[in-house]
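Since the structure comes first, as structure tokens, the remarks are kept for the end.
Lettering follows sequence order; numbering is per chain, from 1. Note that the structure is a prediction, hence the values are computed from the model and not measured.
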2 protein chains.
Amino acid sequence: MGRETPVNHVEAERQRREKLNHRFYALRSVVPNVSRMDKASLLADAVSYIKDLKAKVEELEAEAKRARKESLLEQGISSGGGTPTSATTTLCGGPVAIELDVKLLGPDAIIRLQSENMAHAPSRLMLALRDLDLVVHHATVSGIKEAVVQDVMARVPEALLGEYNLRSALLARLDKGS
Amino acid sequence: MGRETPVNHVEAERQRREKLNHRFYALRSVVPNVSRMDKASLLADAVSYIKDLKAKVEELEAEAKRARKESLLEQGISSGGGTPTSATTTLCGGPVAIELDVKLLGPDAIIRLQSENMAHAPSRLMLALRDLDLVVHHATVSGIKEAVVQDVMARVPEALLGEYNLRSALLARLDKGS
DNA sequence: CGGCACACGTGATAC
DNA sequence: TGTATCACGTGTGCC
């Protein structure tokens, strides 16, 4: 039958070239010292430039690390003031301080979790929600110093309906993810 | 009259192509995390990478200058300073449509993730953040129907500084957690 | 004239 | 099956 007009192919190739050339132009805009307008030279210059930047970054990072250690030393010496570090290591035996509030509105739930700022609290709650198949509609999490508070609005699967059920399941999941 | 055999022309063009491809290969060797083997993507990644390196250099230089002044003054001002900002945006066409935007402000990052409303998107991002040791200061997630958008403010570990690095690491983690 | 660099259309090919 | 990318040969303009 009639050939599927190859004009599409031509046009596609044209767009591809156009895109490529645009990328080349973008590359030119970020690489200084573009001696030749030549594409090959541009690529070569880009490579050298990247190598230069890499070396520079590495050098500066080493210097920064050095400076940081100095700074840490200074801090360690001058740490005569009151430090707010409590960090009672009672994580193991004792349960972490947690306050969990669950309210149901029809099939949806409003969940409020306030706890110590343990490591990666947000991922913990989100994992618990995921494991229980709660569909998150909206969530906020804010952490300051030693405390973190999370508010979540989500849809609850029928099997978990009932504030007590939901709260228990959430607490179990939260403890489990220690 | 008889055509002056264009074999020279052909051969010249062939060598030119060969040279260009070699340059492309060289560029690949200095740009990390080249997701696609595609030439256009390589150029785009190279541009992002160069921008990122530039920002990193600028940031580190500012920090070095600041550290130098601190060292000279021997004064301990709070280090929660704001350093100049830079921006990076790209789009990743994987199994799911994802748009990830990362902005660095000194040691902190502002992360914006917009994606399809796949199952449990929030836990995914939070897991990625946890795995990368980002300390989340504030986060919001809102989902409606087929789309979900997440905004996060978090502290970035030194090893991950650089928008390109951070973005790549996040993308990798997000893909991994399918 | 000839070297050089580019854009174009085309066939092949992978997903 | 269409939709991507790529390499190739060719035409064209510029020193």
[X] has an atom [atom1]; how far is it from atom [atom2] of [N], in whole Å?
| X | N | atom1 | atom2 | result |
| --- | --- | --- | --- | --- |
| B/His9 | C/dC4 | NE2 | C1' | 9 Å |
| A/Leu20 | C/dC6 | CG | P | 13 Å |
| B/Glu11 | C/dG3 | CD | P | 12 Å |
| A/Met37 | D/dC14 | CE | C1' | 15 Å |
| B/Leu43 | D/dT5 | CG | P | 12 Å |
| B/Gln15 | D/dG9 | CD | C1' | 15 Å |
| B/Glu18 | D/dC6 | CD | P | 17 Å |
| B/Arg36 | D/dC6 | CZ | C1' | 17 Å |

Taking only side-chain nitrogens and oxygens of [X], does any of them come within less than 4.0 Å of OP1 or OP2 of [N]?
| X | N | value |
| --- | --- | --- |
| B/Arg14 | D/dC8 | no |
| B/Asn21 | D/dA7 | yes |
| A/Lys39 | C/dA7 | yes |

Practice prompt. Look at the side chain of B/Arg167 and the backbone N and O of B/Val102, then say whether any donor-acceptor pair between them is shorter than 3.5 Å.
Written response: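 Such a contact is absent between B/Arg167 side chain and B/Val102 backbone.
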
Worksheet item: Could you walk me through whether B/Glu58 and B/Lys54 pass the salt bridge (charged side-chain N to carboxylate O under 4.0 Å, His left out) check?
Response: CA-CA 6 Å; B/Glu58 196 173 344; B/Lys54 273 185 178 175; over 6 Å; no

Fill in: Identified side chain to side chain contact (heavy atoms under 4.5 Å, CB included) counterpart of B/Val141 within the set A/Val141, A/Val152, A/Val136
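When A/Val141, A/Val152, A/Val136 are each tested with B/Val141, the side chain to side chain contact (heavy atoms under 4.5 Å, CB included) holds only for A/Val136.
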
Item to complete: Start with the C-alpha distance between A/Arg28 and A/Met37, add both sets of side-chain angles, then the distance that settles side-chain contact (heavy atoms from CB on, under 4.5 Å), and finish with yes or no.
Response: CA-CA 9 Å; A/Arg28 274 201 179 83; A/Met37 277 302 265; 3.9 Å; yes

Discussion item. Return whichever of B/Asp38 or B/Glu13 has its heavy-atom-nearest nucleotide of DNA chain D closer to the 5' end.
Written reply: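 The residue whose closest nucleotide sits nearer the 5' end is B/Asp38.
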
Worksheet item: Quick one: on DNA chain D, does B/Arg17 or A/Lys19 contact a more 5' nucleotide (nearest heavy atom)?
Response: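 So the residue in question is A/Lys19.
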
Practice prompt. Give a yes or no on whether a donor-acceptor pair under 3.5 Å exists between the nucleobase atoms of C/dG3, that is its base, and the side chain of B/Arg16.
Written response: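 No, the side chain and the base share no sub-3.5 Å donor-acceptor pair.
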
Discussion item. If the threshold is 4.0 Å, N to carboxylate O, is there a salt bridge linking A/Glu18 and A/Arg14?
Written reply: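 No salt bridge links A/Glu18 with A/Arg14.
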
